[in-house]
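Accompanying notes for the structure given below.
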Amino acid sequence: MEVRKMGSANMAEPWIEHDLGPFGPAALKPYSETRRATDGSAFLKVYVGVDPEGRRRREVATIKRAILRGISVPPVLATGRGEAGSWTAFRSVAGTPCSIGTHEAIEEYIGHIVAVSGRLHRSTAGLTSGSGWEARNADLDSPRRFLLDQLSPRCQRQPWWAVLSTALQGIEAHRVVHLHGDFKAEHLLVDGDRLHVVDWEASARGPAVLDYTDVVFHLIRDLLYEGVPPGRIPIDLVTRLPFSGPVLAWRLLLWLDRRRPDDTGRVTAHHVHRLAAEEQAASAYKSLAHAILRLRSAGVPR
């Protein structure tokens with residue numbers, strides 16, 4: 001992760017008006033710049049890249065509603081939009097990110113996911129698919145369209161587009177729930193008997209299997225990038241989570257589209273059909289691991 005000075009001497013820092021800071025150097029991520037208060041009391045996020053203001057509003061609104069569901073989240077201290085960009089300051093929460101370093105640690109992590117999902121994926125009558133937890137009149141009511149619309153227009157020119165679109169028709173029958181939208185080990189902080197869930201900017205409404213697929217995708221990808229051979233990935237643990245082959249294929253393509261768009265053309269219609277048609281989670285996850293390794297050898301970043 002790149003660390004650098006954020007802003008310039010003459011850039012307005014509106015969080016100062018809220019008696020927040022000073023903050024240390026910024027850590028630059030693909031879609032945000034984050035800084036820690038020098039006294040450790042707060043955490044600042046400046047949203048960059050795709051739709052920064054929309055992501056700011058979505059995260060702040062979702063955190064307020066997640067608290068009502070009994071989920072421990074970092075409280076919002078202040079938020080706004082100005083010369084410095086769209087930003088939110090959170091109160092720091094104690095805890096250590098979930099580990100995926102051992103079989104036992106991964107088992108504990110999956111247990112935390114199941115516990116959080118029990119609070120998160122409660123049934124809500126009349127819920128439609130879309131970004132954030134607050135429905136708008138312009139939102140589509142189709143889970144399939146919600147997923148396809150997250151891929152860039154260039155993907156529609158790829159030979160696999162029609163295969164993916166057809167395969168995703170099956171999720172229309174899934175119940176729509178509130179989603180975290182970006183489940184991975186680093187977003188769950190363990191603090192003794194407490195569990196804090198952070199980073200809600202990708203929150204959404206859709207089938208619960210979207211959250212579970214995020215867990216599996218990030219876990220397999222990160223283990224592979226840490227040098228774990230495919231045969232040593234604990235597939236037996238992740239097969240406990242709900243599974244959808246078409247959603248798994250979509251998640252792989254979304255990763256490519258956002259991190260290495262030119263390589264979406266390296267995926268064939270046959271590759272997508274084969275992964276989407278898998279009915280057994282274990283074989284699908286093994287296929288995913290080999291696909292990620294193949295793409296990694298072509299230089300696709302995490």
Do [X] and [Y] come within less than 4.5 Å of each other through their side chains, counting heavy atoms only?
X	Y	result
Pro75	Val93	yes
Ser92	Arg36	yes
Gln150	Arg258	yes
Val272	Leu252	no
Pro143	Glu172	yes
Leu168	Leu148	yes

For Arg55 and Ser86, test the side chains for any donor-to-acceptor distance below 3.5 angstrom and give the result as yes or no.
-> no
Please determine, by modelled atom types, if Tyr31 and Glu201 share a side-chain donor-acceptor pair under 3.5 angstrom.
-> no
Answer yes or no: is there a donor N or O on one side and an acceptor on the other, between the side chain of [X] and the main chain of [Y], under 3.5 Å?
X	Y	answer
Trp160	Thr264	yes
Arg81	Trp87	no
Ser117	Ile113	yes
Arg69	Leu120	yes
Trp250	Leu147	yes

Between [atom1] of [X] and [atom2] of [Y], what distance do you get to the nearest 0.5 Å?
X	Y	atom1	atom2	answer
Thr102	Tyr109	OG1	OH	14.0 Å
Arg274	Ser283	CZ	OG	9.5 Å
Thr34	Tyr47	OG1	OH	11.0 Å
Trp161	Leu164	CH2	CG	7.0 Å
Glu226	Arg221	CD	CZ	10.0 Å
Leu20	Leu77	CG	CG	5.5 Å

Let me see the working for Leu223 and Ile106 under side chain to side chain contact (heavy atoms under 4.5 Å, CB included), right down to the final yes or no.
-> CA-CA 11 Å; Leu223 287 175; Ile106 295 173; 4.1 Å; yes
Name the atoms and distances for all side-chain donor-acceptor pairs under 3.5 Å in residues 230-249, with sequence neighbours left out.
residue	atom	partner	partner atom	Å
Thr239	OG1	Ile235	O	3.3
Thr239	OG1	Asp236	O	2.9
Ser244	OG	Val247	N	3.3

Residues in salt bridge (Lys or Arg N to Asp or Glu O under 4.0 Å) contact with Arg58, at least two apart in sequence or another chain | none
In chain order, what residues pass the salt bridge (Lys or Arg N to Asp or Glu O under 4.0 Å) check against Arg144, with sequence neighbours excluded?
-> none
So the salt bridge (Lys or Arg N to Asp or Glu O under 4.0 Å) pairs with at least one residue in residues 93-105 (sequence neighbours excluded) are none
Can you tell me which residue pairs pass the salt bridge (Lys or Arg N to Asp or Glu O under 4.0 Å) test with a partner in residues 85-98, sequence neighbours excluded?
-> none
Looking at [X] and [Y], what are the two nearest heavy atoms and their distance?
X	Y	answer
Gly130	Phe146	C-CE1, 3.4 Å
Ala66	Val73	CB-CG1, 4.1 Å
Gly24	Arg35	O-NE, 2.8 Å
Glu278	Ser287	OE2-OG, 3.5 Å
Gly80	Arg56	O-CD, 3.2 Å

With sequence neighbours left out, which residue pairs that include part of residues 263-283 fulfil the ring pair (Phe, Tyr, Trp, His ring centres under 6.0 Å) condition?
-> none
Just jot down the side-chain contact (heavy atoms from CB on, under 4.5 Å) partners of [X], sequence neighbours excluded, or say none.
X	answer
Ser41	Ala37, Asp39
Val177	His121, Arg175, Leu179, Ala208
Arg251	Thr213, Asp214, Phe217, His218, Leu254, Trp255
Arg154	Ser152, Arg157, Asp257, Pro261

Heavy atoms from other residues, nucleotides or ligands near CZ of Arg65 exceed 12 (cutoff 6.0 Å) = yes
Other residues, nucleotides, ligands: >12 heavy atoms within 6.0 Å of Arg57 CZ = no
Identify the residue among Thr124, Leu127, Ile171, Thr128 that makes a side chain to side chain contact (heavy atoms under 4.5 Å, CB included) with Val176.
-> Leu127
Same cluster (ILVMFWY, side-chain, under 4.5 Å), Val50 and Val46 | no
Can you give the donor-acceptor pairs under 3.5 Å from side chains of residues 180-200 to other protein atoms, not counting sequence neighbours?
residue	atom	partner	partner atom	Å
His180	ND1	Asp182	N	3.0
His180	NE2	Val198	O	3.0
His180	NE2	Asp199	O	3.0
His187	ND1	Asp182	O	2.8
His187	NE2	Asp199	OD2	3.2
Arg194	NH2	Ser72	OG	3.2
His196	ND1	Ser72	OG	2.6
His196	NE2	Ala94	O	3.4
Asp199	OD1	Lys45	NZ	3.3
Trp200	NE1	Val197	O	2.9

Linking directly or through intermediates, with side-chain heavy atoms under 4.5 Å: list the remaining ILVMFWY members grouped with Leu68, chain and number order.
-> none
